[in-house]
Colleague: 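Here's a structure for you.
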Amino acid sequence: MFDSFLHNHQSELDSFMEDKAIQDLEDAGIYPVPDNDEILERLYEEVKDEFPDAPDTVIEYITQKRFDNLPEPGDYDD
């Protein structure tokens, strides 16, 4: 009976354990959640330096596009 339970629920258990491990690392400060505000500010300054005469709305648009194109945490193998 236990084998059929594992057969039917193994992927869910694996996902749960993986999420728990990531949460433990985040709680310990080893795998921190990125500070999106800090990243956006840095990108904004980079775009502003690259296009100093552009209106703020254009700088904000380009900044958001660059932010949207950043890889998700953990997607660095691509």
Side-chain angles (χ1 to χ4, degrees):
M1 180 161 173
F2 188 69
D3 289 338
S4 65
F5 174 82
L6 283 179
H7 177 72
N8 293 329
H9 301 286
Q10 186 63 49
S11 66
E12 292 172 29
L13 290 170
D14 290 344
S15 292
F16 171 78
M17 294 305 290
E18 182 179 326
D19 291 344
K20 173 102 174 70
I22 290 171
Q23 185 63 49
D24 290 344
L25 291 172
E26 288 174 350
D27 292 346
I30 298 169
Y31 183 79
V33 176
D35 181 359
N36 289 342
D37 291 339
E38 183 178 321
I39 294 168
L40 279 168
E41 288 173 11
R42 183 177 45 83
L43 286 172
Y44 182 87
E45 291 303 319
E46 289 175 6
V47 172
K48 193 169 183 168
D49 289 344
E50 192 174 337
F51 305 101
D53 297 328
D56 286 342
T57 55
V58 172
I59 293 172
E60 290 168 5
Y61 176 80
I62 295 170
T63 300
Q64 188 62 50
K65 284 294 188 188
R66 289 185 182 178
F67 180 79
D68 292 342
N69 289 330
L70 291 174
E72 291 293 322
D75 287 347
Y76 302 111
D77 295 335
D78 295 340

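Hydrogens, waters and symmetry mates play no part in the numbers below; they use all other heavy atoms, side chains included.
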Colleague: Let me check something: do L40 and L70 share a hydrophobic cluster, defined by ILVMFWY side-chain heavy atoms less than 4.5 Å apart, either directly or through other members?
Modeller: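 Yes, because L40 and L70 connect within a single hydrophobic cluster, where side-chain heavy atoms sit under 4.5 Å apart.
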Colleague: Is any side-chain heavy atom of V58 closer than 4.5 Å to a side-chain heavy atom of F51?
Modeller: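 Of all side-chain heavy-atom pairs linking F51 with V58, none is under 4.5 Å.
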Colleague: For F67, look at atom CZ and say whether over 12 heavy atoms of other residues, nucleotides or ligands are found less than 6.0 Å away.
Modeller: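 Yes, CZ of F67 has more than 12 neighbouring heavy atoms, counting only those of other groups under 6.0 Å.
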Colleague: For the CD atom on E50, are there more than 12 heavy atoms of other groups (residues, nucleotides or ligands in this structure) within a distance under 6.0 Å?
Modeller: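 More than 12 within 6.0 Å, yes.
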Colleague: Considering only heavy atoms from C-beta outward, does the side chain of D56 approach that of Y44 to under 4.5 Å?
Modeller: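 With C-beta onward as the side chain, the pair touches.
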Colleague: Can you tell me how far apart CD (E41) and OG1 (T63) are? Round to the nearest 0.5 Å.
Modeller: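 It is 11.0 Å, given to the nearest 0.5 Å.
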Colleague: Under 4.0 Å between a Lys/Arg side-chain N and an Asp/Glu carboxylate O for E38 and R42?
Modeller: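 Salt bridge absent between E38 and R42.
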Colleague: From D49 CG over to I59 CD1, what is the distance, rounded to the nearest 0.5 angstrom?
Modeller: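 Answer for the CG-CD1 pair, D49 versus I59, is 9.0 Å.
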Colleague: With rounding to the nearest 0.5 angstrom, report the CG to CD distance, N69 to Q64.
Modeller: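 Separation between the atoms: 10.0 Å.
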Colleague: Indicate yes or no: at least one non-hydrogen side-chain atom of I62 is less than 4.5 angstrom from one of R66.
Modeller: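 The answer is yes; the side chains approach within 4.5 Å.
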Colleague: Could you tell me whether the side chains of D14 and Q10 share a donor-acceptor contact shorter than 3.5 Å?
Modeller: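 There is such a pair (donor and acceptor under 3.5 Å, judged by atom type) between the side chains of D14 and Q10.
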